[in-house]
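Here the structure comes first, spelled out in structure tokens, and everything after it is commentary.
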Number of protein chains: 2
Amino acid sequence: MSQSLDLKSAGLKSTLPRLKVLSLFESGNECHLSAEDVYKKLLAGGEDIGLATVYRVLTQFEQAGLLIRHHFQGDKSVFELNQGKHHDHIVCLQCGVVEEFYDATIESRQKKAAADRGFAMHDHSLYIYADCTKLKCPNNPFKKSLP
Amino acid sequence: MSQSLDLKSAGLKSTLPRLKVLSLFESGNECHLSAEDVYKKLLAGGEDIGLATVYRVLTQFEQAGLLIRHHFQGDKSVFELNQGKHHDHIVCLQCGVVEEFYDATIESRQKKAAADRGFAMHDHSLYIYADCTKLKCPNNPFKKSLP
DNA sequence: AACAATAATGAGAATGATTATCATTCGCAA
DNA sequence: TTGCGAATGATAATCATTCTCATTATTGTT
Ligand SMILES: [Mn+2]
Ligand SMILES: [Mn+2]
Ligand SMILES: [Zn+2]
Ligand SMILES: [Zn+2]
């Protein structure tokens, strides 16, 4: 019952819907999911849950620091498990595959850019939109759900 | 009639609504405007235009390369005149003031991050969310329209 | 284990941004 | 000027997300 503890230490009651959503993110290697993705995946897995609850839980998990919200190009938010290691994202415009990367130089220069101009950086978002040149397209499980 | 030519060379007919929107971006130093901002500013200036037309024209201008669309944190798109010089943005979370910056090292490391992983970068977005530490808040004209 | 206080859920309505419809109007070339 | 295809704008529709509120579940306490 480790997830139950995860929720409690986040100040959230351990409820069935919350456990289902958390399990989905923890079990899967499909890391970047929209609310609709989560809802459909749970239904497809035989779990019952309401869409409004999915939206609520995702927002609560984000506020609790369990999930990170992203705004990739397009209208809907996507979420990933917060594993404590900050990274940025490369998104293939053809197939939607997402690859993560971290560049210490970029990170430090961002902070400096803000500081030099009298801003205290709270957060930042860096998304690289690219073409994976077909290296990864064929076997990307998200291919179908692209705009 | 230089704007008329701007439109023609972009493959767009020179119409009154398009000229009004283009003028607003070219004349103003308030660079980052949402569709609603554009609509209200034109109405406030005595110009008549439909909201649907504003949305259409903004998208057309974006596709023609006249404007650049941004997705700052929040739901609505904001647009700025494309003046040919790429830059990234720092957005104050308190007052909404936007400051532009350019860091050649960040730019080149982004391209390298993509290339190293087999991606051809098409585009990227980098937004720094910060606190302007009250240096700029008081006189930011956008202060009122924050979430 | 059953209870009560309280928070969580979920079906559906409401919202806000954006897009689609379609009858009317306009720009432009002949 | 005339005509035709493109553009406009009032309105309806759409899409993601949030809100409402009656019902249900969780948890600490008998
Ligand atoms: Mn980063
Ligand atoms: Mn940049
Ligand atoms: Zn791809
Ligand atoms: Zn400020």
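Chain identifiers are assigned alphabetically (A, B, ...) following the order of the sequence lines, protein sequences preceding nucleic acid strands; residue numbering begins at 1 within each chain.
- The backbone N or O of Lys13(B) sits less than 3.5 Å from a side-chain atom of Arg18(B), completing a donor-acceptor pair.
- Taking the nucleotide of DNA chain C with the nearest heavy atom to each of Lys13(A) and Ser77(B), the more 5' of the two is matched to Lys13(A).
- Listed by residue number, the members of residues 60-70 of chain A with any heavy atom below 4.0 angstrom from DNA chain C form an empty set.
- The two residues Cys132(A) and Phe119(B) make their nearest non-hydrogen contact at CB-CE2, 3.4 Å.
- Using a 3.5 Å distance cut-off with no hydrogens or angles, the side chains of His71(A) and Gln73(B) do not pair a donor with an acceptor.
- Taking the nucleotide of DNA chain C with the nearest heavy atom to each of Tyr39(A) and Ala52(B), the more 5' of the two is matched to Tyr39(A).
- In terms of modelled atom types and a separation under 3.5 Å, the side chain of Ser125(B) and the main chain of His70(B) share no donor-acceptor contact.
- Aromatic ring pairs are classed by plane angle as parallel below 30°, tilted from 30° to 60° and perpendicular above 60°; the pair His32(A) and His89(A) is perpendicular.
- The CD1-P distance, from Ile49(A) to dT24(D), rounds to 18 Å in whole Å.
- At whole-Å resolution of the value, CG in Leu7(B) and P in dA7(D) are 11 Å apart.
- At a threshold of 4.0 angstrom between heavy atoms, the contacts of Arg18(B) are confined to the sugar-phosphate backbone, with no base atom among them.
- Contact check, Tyr55(A) against dT18(D): no side-chain N or O comes under 4.0 Å of OP1 or OP2.
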Requested in this report: Test Phe25(B) against Phe79(B) for ring pair (Phe, Tyr, Trp, His ring centres under 6.0 Å), laying out the working first.
Outcome: CA-CA 9 Å; Phe25(B) 279 99; Phe79(B) 299 82; 7.1 Å; no

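- Residue Ser34(A) is out of contact with every strand shown, counting any heavy-atom pair closer than 4.0 Å.
- Without hydrogens or angle criteria, Asn82(A) side chain to Gly65(A) main chain gives a donor-acceptor distance under 3.5 Å.
- For Leu51(A) and dC19(D), the CG to C1' distance is 13 Å, given to the nearest whole Å.
- Nucleotides of DNA chain C that come within less than 4.0 Å of any heavy atom of chain B span, from the 5' end to the 3' end, dA17(C) to dC28(C).
- A residue-by-residue look at Arg56(B) and Thr15(A) shows that Arg56(B) has its nearest nucleotide of DNA chain D further toward the 5' end.
- For the residue pair His122(A) and Gln94(B), no side-chain donor N or O sits within less than 3.5 Å of a side-chain acceptor on the partner.
- Judged by distance alone, the side chains of Glu107(A) and His87(A) never bring a donor and an acceptor atom under 3.5 Å apart.
- In this structure, Gln73(B) atom CD and dT17(D) atom P are separated by 15 Å, rounded to whole Å.
- Within the 4.0 angstrom heavy-atom criterion, base atoms lie near Thr53(B).
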